[in-house]
Every structure is written in structure tokens, then in C-alpha cells.
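Working notes, structure below.
In what follows, every heavy atom counts, from backbone to side chain, and hydrogens, waters and symmetry copies are set aside. Just so we're on the same page: letters track the sequence lines, and every chain starts at 1.
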There are 2 protein chains.
Amino acid sequence: MNGEKELEIARERVIDAISKNMNLYGVTESIGRLYGALYFQEGPLTLDEMKEELGMSKTSMSTSVRSLLELKMVGKVWKKGVRKDLYLAEADWYQTFIDFFTIKWRAGISLNISAMQKSLSEIQPLLNNEQVEPHIKEQAKIDIEKLTSAIEYYDWLNRLVDSFESKEIFEFIPKGENKKTEKS
Amino acid sequence: MNGEKELEIARERVIDAISKNMNLYGVTESIGRLYGALYFQEGPLTLDEMKEELGMSKTSMSTSVRSLLELKMVGKVWKKGVRKDLYLAEADWYQTFIDFFTIKWRAGISLNISAMQKSLSEIQPLLNNEQVEPHIKEQAKIDIEKLTSAIEYYDWLNRLVDSFESKEIFEFIPKGENKKTEKS
DNA sequence: CTGTACGTACAGTTTTTTCTGTACGTACTT
DNA sequence: AAGTACGTACAGAAAAAACTGTACGTACAG
């Protein structure tokens with residue numbers, strides 16, 4: 001035994017866990033495996049090397065790596081004399097976490113807020129409209145309350161994301177305290 | 001115009017946004033639409049009413065509602081004299097957020113931590129093994145460092161989830177200061 | 001300018017997921 | 001006890017997503 005096999009097995013298990021984990025967050029297992037593979041590389045990889053590493057088509061590598069780029073989980077890297085594109089896994093998982101959820105959540109937040117505000121502005125007038133039946137008005141009132149509190153929630157979520165982006169969250173939950181949690 | 005149509009359109013837009021948003025988080029659009037529909041109901045619905053509301057099969061309603069139950073986004077409700085199961089949307093989105101991510105993240109965290117610790121315990125011995133080539137040892141050392149810092153990150157994430165679950169997060173990012181009376 | 005290496009758009013295929021209808025077990029009603 | 005209403009397991013159908021190979025545009029080399 002020269003340790004190569006052992007290392008390989010140990011890595012494989014972690015890559016597997018990473019990809020399953022990412023899958024939980026709505027990312028394909030293949031894309032997760034690609035990230036995992038890149039994570040354990042010593043240096044950046046070309047598309048052809050990834051293809052080799054995962055035994056998949058180059059096309060897949062191209063699209064997968066693009067997804068990872070959009071999530072900022074990998075970065076494109078420059079190396080003198082190398083014509084092929086090189087990609088490197090982002091190694092700082094705190095940063096990865098922040099980017100991932102900032103990107104995902106912001107998108108959802110603005111989508112929802114604008115839909116809700118638009119609907120709110122359509123429902124509001126019903127309350128003062130003579131032609132609208134009392135029963136409908138009652139429903140409108142309830143809906144307005146629901147939408148108002150939903151928007152309030154999204155405002156909170158936005159502030160939470162702000163605290164991720166600005167890293168202020170680490171003042172509240174400090175990084176690598178490295179002491180085990182007292183409970184659980 | 002009696003306002004009914006307007007209300008319907010306004011709701012439909014929000015339901016659409018909600019389901020797209022949930023889809024972003026890895027939940028089917030259908031399940032998202034079901035949650036949205038339940039959210040705007042005045043009271044709890046039976047499976048047959050959902051089926052009617054969404055124009056889908058009862059089987060689908062059964063499985064979708066189960067997913068929502070697991071995510072604690074709906075609750076089963078009991079009403080005297082009613083034999084059918086009744087389901088009500090959880091209206092507090094702060095709570096929904098907390099439950100959703102607590103459930104999802106905890107699963108991923110423990111999965112990853114145990115995989116990493118196991119791999120770590122396999123890699124560590126390589127360092128002191130005479131038969132392992134220096135080159136492999138070098139890689140092992142790098143991997144150990146990576147895994148150690150990854151585990152540290154997961155510990156942080158665990159503490160973040162703790163702060164969600166215990167609601168301490170609201171001390172750091174306060175809920176909306178609007179009308180609603182808050183109980184501390 | 002011509003030839004070559006590279007990344008990716010696109011169309012077709014395979015795989016996975018979602019959805020439906022039937023059938024069955026359970027529990028309540030009479 | 002039989003009859004009925006209900007929810008869901010299961011298998012197959014339909015839809016969606018992931019994956020691949022070909023073909024093409026671009027950039028650089030000679």
C-alpha cells in the first residue's frame with residue numbers, strides 16, 4: 001500500500017457527500033460532483049481534464065462549469081502560455097455559502113416583492129369601490145393584510161442577506177470558534 | 001365589475017411568484033402552487049377541494065401535501081364533524097423560513113460532517129506510514145487541511161441554524177417593526 | 001491567408017421526475 | 001355485519017431534465 005488508493009477513497013466519499021448536499025440545495029448531483037472534484041485538485045483544471053476526471057462529455061463540463069461560475073463556486077483562472085480555459089474551485093466555504101444564498105435569495109425576494117406590491121396596488125382600490133360586494137371587500141381586506149405581512153417578511157430576509165453580504169453575520173455568529181457547541 | 005375577478009388575478013400573480021420562489025429552493029412548482037393556493041384560503045382545505053382548486057389528481061394532492069407537511073409549511077387540522085383530513089397553510093413566513101432551512105440544512109450538515117470525519121480518520125495515518133511516498137503524504141497533508149477547515153465551516157453553519165431555531169437570529173436581524181404586536 | 005485548437009449552441013437521446021388512474025386497506029356509519 | 005367514504009401504494013404514462021455528439025464560430029499559429 002502506497003496510500004494513493006486510500007486517499008482516493010477518502011476523497012470520493014467526501015465528494016459524494018458534497019454533491020448530495022448541494023443536491024439538497026437544488027443543484028444537480030453532477031454539478032456537485034464536479035465541484036467536489038475541483039475542490040480536491042491542487043490546481044485549476046481545463047474542460048478536457050474535467051471530462052477525463054468525471055468521465056463525462058465535454059459539453060456537460062462546459063455547461064456545468066458555467067453553472068458553478070454563476071454561483072461563484074468556481075472561478076476562471078489565467079495561466080501564462082495556456083490557451084485552454086482554466087477553472088479553480090472557490091476554497092472558502094464561508095464565502096461560497098454567502099455567494100450561493102445571496103444570489104439565490106435576492107432573485108426570489110425581488111420577484112416576490114414586486115409581484116406582491118403590484119397585487120396590493122390592485123386590491124387596495126376595491127375597498128373604496130361602491131360596486132364591490134361586501135363579501136369581496138372582506139376577502140380583499142384579508143388579502144391586504146396577508147400581503148403586507150409577507151412583504152414585511154421579505155424585507156427581513158433582505159436584511160438577513162445584507163448581513164451575509166457585508167459579513168456582519170460573523171459578528172453575530174463568529175467564524176471558526178473551533179469549540180464544540182455546548183448543546184446537541 | 002364586482003371585484004371578484006380582480007382579486008383572483010391579484011392572487012394568481014402572487015401564487016405564481018411564490019411557487020417560482022419555492023422552486024428556486026428546490027421545491028416543485030406544483031407543490032409551490034399548492035402552498036400558494038392554501039395560503040390564500042380562508043380556512044383549511046380537504047384533498048378533494050385542493051384537487052378542485054388546482055385541477056390535478058387527488059393522488060398528487062396527497063403526495064404534495066405530504067411534502068409540505070414534512071417541510072412544516074402546512075399543518076393538519078381537525079374540525080369537529082368533518083371526516084376528511086383538513087390542511088392549513090402555515091401563515092407565519094418567519095417560522096416557515098426557519099423550519100424549511102433548519103430541516104434542509106441540518107440534514108446536509110450531519111451528512112457532510114460524518115463523511116469528512118471518517119475520511120479524515122483514514123487519511124491521518126498515512127502521514128506516519130513509512131510505505132507512503134512523500135508525494136502522497138504531501139497531498140494527504142493538503143487534504144487534511146481542507147477537511148479540517150470544511151468541518152469548521154459546518155460547525156459555523158450549525159451554529160447559524162441554532163440561532164434560527166432558537167429565534168436568537170431576531171435579536172440580530174429584528175423582525176419588521178410594523179403594527180403587529182410582537183410577543184417577546 | 002490557411003489550418004488547428006478550443007468552447008459552446010443546438011438537436012436528438014436517455015434518464016429522471018412528475019402526474020394519473022386503479023386498487024386496496026382502514027375506519028366510520030348504519 | 002355490510003356498506004361507504006377516505007387516503008395512499010403502486011404501476012404505468014406523460015413531461016421534464018440531464019446528457020451527448022455534431023457542427024459551427026472564434027482566436028491564435030504558422
> When you check the side-chain N and O atoms of Gln95(B) and Asp99(B), is any donor under 3.5 Å from an acceptor?
Replying inline: yes
> Taking atom types as modelled, is there a side-chain donor on Asn112(A) or Tyr153(A) under 3.5 Å from an acceptor on the other?
Replying inline: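 Distance-only check fails for Asn112(A) and Tyr153(A).
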Is there side-chain contact between [X] and [Y], with at least one heavy-atom pair below 4.5 Å?
X         : Y         : result
Asp155(A) : Arg159(A) : yes
Met22(B)  : Ile18(B)  : yes
Glu6(A)   : Ile136(B) : no

> For every nucleotide of nucleotides 4-17 of chain C, 5' to 3': is a protein heavy atom under 4.0 Å from its base (B), only from its sugar-phosphate (S), or from neither (-)?
Replying inline: -BSSSBB-------
Provide, to the nearest angstrom, the distance between the [atom1] atom belonging to [X] and the [atom2] atom belonging to [N].
X        : N       : atom1 : atom2 : result
Met61(B) : dC19(C) : CE    : P     : 8 Å
Arg33(A) : dA18(D) : CZ    : P     : 13 Å
Met56(B) : dA15(D) : CE    : P     : 12 Å
Leu34(A) : dC19(D) : CG    : C1'   : 14 Å
Met22(A) : dA18(D) : CE    : P     : 13 Å
Lys51(A) : dT20(D) : NZ    : P     : 10 Å

Atom pairs, protein N/O to nucleotides 12-14 of chain D N/O, distance under 3.5 Å:
none

> Quick check: are there more than 12 heavy atoms from other residues, nucleotides or ligands sitting under 6.0 Å from CD of Gln124(A)?
Replying inline: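 Count over threshold, so yes.
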Validation: residues 65-78 of chain B side-chain donor-acceptor distances under 3.5 Å, sequence neighbours left out:
| from | atom 1 | to | atom 2 | distance (Å) |
| --- | --- | --- | --- | --- |
| Ser67(B) | OG | Thr63(B) | O | 3.2 |
| Lys76(B) | NZ | Asp85(B) | OD2 | 3.4 |

>> Per the salt bridge (Lys or Arg N to Asp or Glu O under 4.0 Å) rule, what does the pair list look like for residues 112-138 of chain A, sequence neighbours excluded?
In response: Glu122(A)-Arg13(B)
Run the side-chain donor-acceptor check on residues 30-41 of chain A: report pairs under 3.5 Å with partners two or more places apart or on a different chain.
| from | atom 1 | to | atom 2 | distance (Å) |
| --- | --- | --- | --- | --- |
| Tyr35(A) | OH | Glu90(A) | O | 2.6 |
| Tyr35(A) | OH | Trp93(A) | NE1 | 3.0 |
| Tyr39(A) | OH | Lys146(B) | O | 3.3 |

> How would DNA chain D look in dot-bracket form, 5' to 3', counting Watson-Crick and G-U wobble pairs with both distances under 3.5 Å and writing | for bases paired to another strand?
Replying inline: ||||||||||||||||||||||||||||||
> What is the ring orientation for Trp156(B) with Phe170(A), classed by angle as parallel under 30°, tilted 30 to 60°, or perpendicular over 60°?
Replying inline: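 The arrangement is tilted - the two ring planes meet at 30° to 60°.
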> Got a donor-acceptor contact below 3.5 angstrom from the Lys104(B) side chain to the Leu24(A) backbone?
Replying inline: yes
> According to a strict under-4.0 Å criterion, is Ser57(A) in side-chain N/O contact with OP1 or OP2 of dT20(D)?
Replying inline: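 Looking at the OP1 and OP2 atoms of dT20(D), one of them is under 4.0 Å from a side-chain N or O of Ser57(A).
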